[in-house]
Visitor: 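Please find one structure pasted underneath; my questions will follow.
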There are 2 protein chains.
Amino acid sequence: MVKKTSDSGPTSDPESFARAKTLVHRIVAERHDRPSLVAEIACEVGAEIIEGIRPPGSDLNSVELSKRFSTSRTPIREALMLLEKEGLVDVPPRKRPRVAVPDLQDIREIYRARAALFELIAADVARSVTEEGLARLRAHFAEMQAAHRAGDVSAFVWSNVDFYDQNTLLANNRTVKRILDSLLLRTARLRRLSLSQPGRMARSCDDHARLLKAYEDRDATLAAALIRSNHINALAALEAFLAGEAEAARA
Amino acid sequence: MVKKTSDSGPTSDPESFARAKTLVHRIVAERHDRPSLVAEIACEVGAEIIEGIRPPGSDLNSVELSKRFSTSRTPIREALMLLEKEGLVDVPPRKRPRVAVPDLQDIREIYRARAALFELIAADVARSVTEEGLARLRAHFAEMQAAHRAGDVSAFVWSNVDFYDQNTLLANNRTVKRILDSLLLRTARLRRLSLSQPGRMARSCDDHARLLKAYEDRDATLAAALIRSNHINALAALEAFLAGEAEAARA
DNA sequence: ATGTGCTTAACTGTCGACAGATACAAACAC
DNA sequence: GTGTTTGTATCTGTCGACAGTTAAGCACAT
C-alpha cells in the first residue's frame, strides 16, 4: 500500500520528493531520451523508496503497481529490474519483489567504495579544473551553507548531492560516474539520517571548504585525501546514528 | 547470425567458452539459485560476446534468439537487460539491441576504476590474509606461470581472472566485488588481446610475484601500490596493442 | 556511381491470459 | 498456547498477438 506524500513524515516533503525523482530519472533512465513508460514507473517508485515512503523490506506487488499506473505487468517488471540494477529493489526469482534492505556491512562497503572512487576523480578534478568549474562548485557549496544556516537538512542533502555530482561531471569519467550514481542511490535515504545529527552539517561544511581550497590550489594529493576523509567522517556519523537508533529500539 | 564455436577463430575455443559462460553465470545470475531460463540465455549470449563470437556492434535480434532458445521474446528481453546492466549489450529504446562497442575512453576509465577499487581491497587483503588464503593465491599464480611457460594465452587469462577473484573473495566485500566483476566482464575480451603481446605474460608474472610477496609481508601500502601499477601496466599494454591494430587497419 | 524519397518487411513495446509456484490462513495435533 | 499440515488465494514466469515504429530495400533522380 502506498502512502500519499501529503501525510508523509519528516523524511519526505513534495519538494524533496521531486528532487529524488529527478535523481532516479537521471540515473535509471540515463539513455531513455524519449519519455518512456518504464522509466516513468521506475522514477516514481524509486523516489518513493529513497524518500522512505516505501520502507526497506516492503512488498512491491506488480499487480497492484500495474493497476496504479494503468499498464500491464510487463512494464512494471522491467521497471523493477531497472531499480534492482541500482540496488534499490530485490527481485528474487519466483518470489515477491521487495524494497532492498541494506545491512550495516553493505553501508560500510558502499561508503568505502565511494571514498576510493571519489579519491580517483578528486585528483583528476584538482589537476584539470577550470575557473568556471570552481565557480559551480562554490555555488553548490554556498547552497549547502545556506541550508546549514537555515537548519534545513533536506536542502542540505540535495545541495551536497549537487556538489558531488559537479565533481564527477568535472572529472569527465562516465564509467566512474555511473558507479558513483548507483552507490549514491543506495545511500540516499541514509544520508539524511546521518546529516540530521547535531553538528554534522557544520562539520560537513568545514570539510567541503577545505576541499574547495585544495581545488583552488590545484593540490591533487590533498584533494584526494580530503574527499576520502569526508566520506569516512560521514560513514562514522551514520554508524553512530544507527547505533543510537538500535539502542533506542531496544529500550 | 551466430557462428558455431567449431569454426571459431583464435579468440575462442570450447574450453575458454565454457569458462566465459561460467563467469557470466556467476556475475549475471548471482542470486538465481535455481536454473532459470533467463539466466541460461544471458550466460550463453554473454559468453558469445566475451569470446568474440558476436563482435561489438553486431545485432541481437530478439526474434531470432527466441527461436534459437525455443522461448517467447519476453525472457530474451529480460536476458538482454541483464547483459545491458553489465555493459555487454546496448538496448536503445525502440531500436535494435546490439553488442556494446567500448571506445578507448571507456577502456581507460574501466581500467582506472578497477585500479582504484583493487587498491582498496588489496590493502584489506594484505592486512587480513590467512595462510590458507595465501596458499590459494599461490595456486592461481602457479597456474599463470604454467600457462606462461606453455605459451597458452587463453589459460593465462583465466588463471589471472581466478587470481583476482580470489583477491576480491579474501577482502570479503560484496559491493566492491560486484562492481569489479561487472568491470571485468566488459574488458574480458580485451584482456586476451593485451596479454597476447610478446613479453606481456612474463611481465604480468613478475608483477604478480611482487604482489604475492607484499601479501606475505602483510605490507598493505606496498600491495595497494603494486596492484595499482599492475593495472596501469596492463592498460598501457592494451593501448599499445590497440594503437598497433589501428595502424594495421589503416595500412 | 551517388544521393533521395517512398514502400514494405521486420522489429519493438505492450497487452491480457494461462500454468505453475508461493505464501498466507485456517484447521488440526500436541 | 505452540507447532505442523493442508487448502486456497494470490502472485510470478511465460506465452502469442497486436499496434506502432524503425530501418532495409528499391525505384528514381542527379
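Both backbone and side-chain heavy atoms feed into the values below; hydrogens, waters and symmetry mates do not. Predicted model, so just to flag it, every value in this text is computed and none were measured. Chain naming here is simple, since letters A, B, ... match the order of the sequence lines and numbering starts at 1 in each.
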Visitor: What residues, two or more places apart in sequence or in another chain, satisfy salt bridge (Lys or Arg N to Asp or Glu O under 4.0 Å) together with B/R108?
Guide: B/E239
Visitor: Which pairs, with at least one residue in residues 51-90 of chain A and sequence neighbours excluded, count as a ring-ring contact (aromatic ring centres under 6.0 Å, His included)?
Guide: none
Visitor: Strictly under 4.0 angstrom, non-hydrogen atoms only: write out the protein contact profile of nucleotides 9-16 of chain D, one letter per nucleotide from the 5' end, B, S or -.
Guide: -BSBBBB-
Visitor: Strictly below 4.0 Å, N to O, side chains only: are B/R26 and B/D165 in salt-bridge contact?
Guide: yes
Visitor: Given axes from five pairs at either end, by how many degrees does the helix from C/dA1-D/dT30 to C/dC30-D/dG1 bend, rounded to 10°?
Guide: 30°
Visitor: When you compare the side chain of B/R191 with that of B/W158, does any pair of heavy atoms fall below 4.5 Å?
Guide: no
Visitor: Starting from C1' on C/dG13, measure out to CZ on A/F69 and report it in whole angstrom.
Guide: 18 Å
Visitor: How many whole angstroms separate atom CG of B/D90 from atom P of C/dT12?
Guide: 14 Å
Visitor: Got a sec, which residues hit side-chain hydrogen bond (donor to acceptor under 3.5 Å, both in side chains) with B/S66, two or more places apart in sequence or on another chain?
Guide: none
Visitor: Tell me, please, which residues at least two apart from A/R200 pass salt bridge (Lys or Arg N to Asp or Glu O under 4.0 Å).
Guide: none
Visitor: Provide, to the nearest angstrom, the distance between the CG atom belonging to B/D59 and the C1' atom belonging to D/dA24.
Guide: 11 Å
Visitor: Taking the six-membered ring for Trp, are B/H231 and B/F118 parallel (under 30°), tilted (30 to 60°) or perpendicular (over 60°)?
Guide: parallel
Visitor: Are any of the side-chain nitrogens in A/R19 or A/D13 under 4.0 Å away from the carboxylate oxygens of its partner?
Guide: no
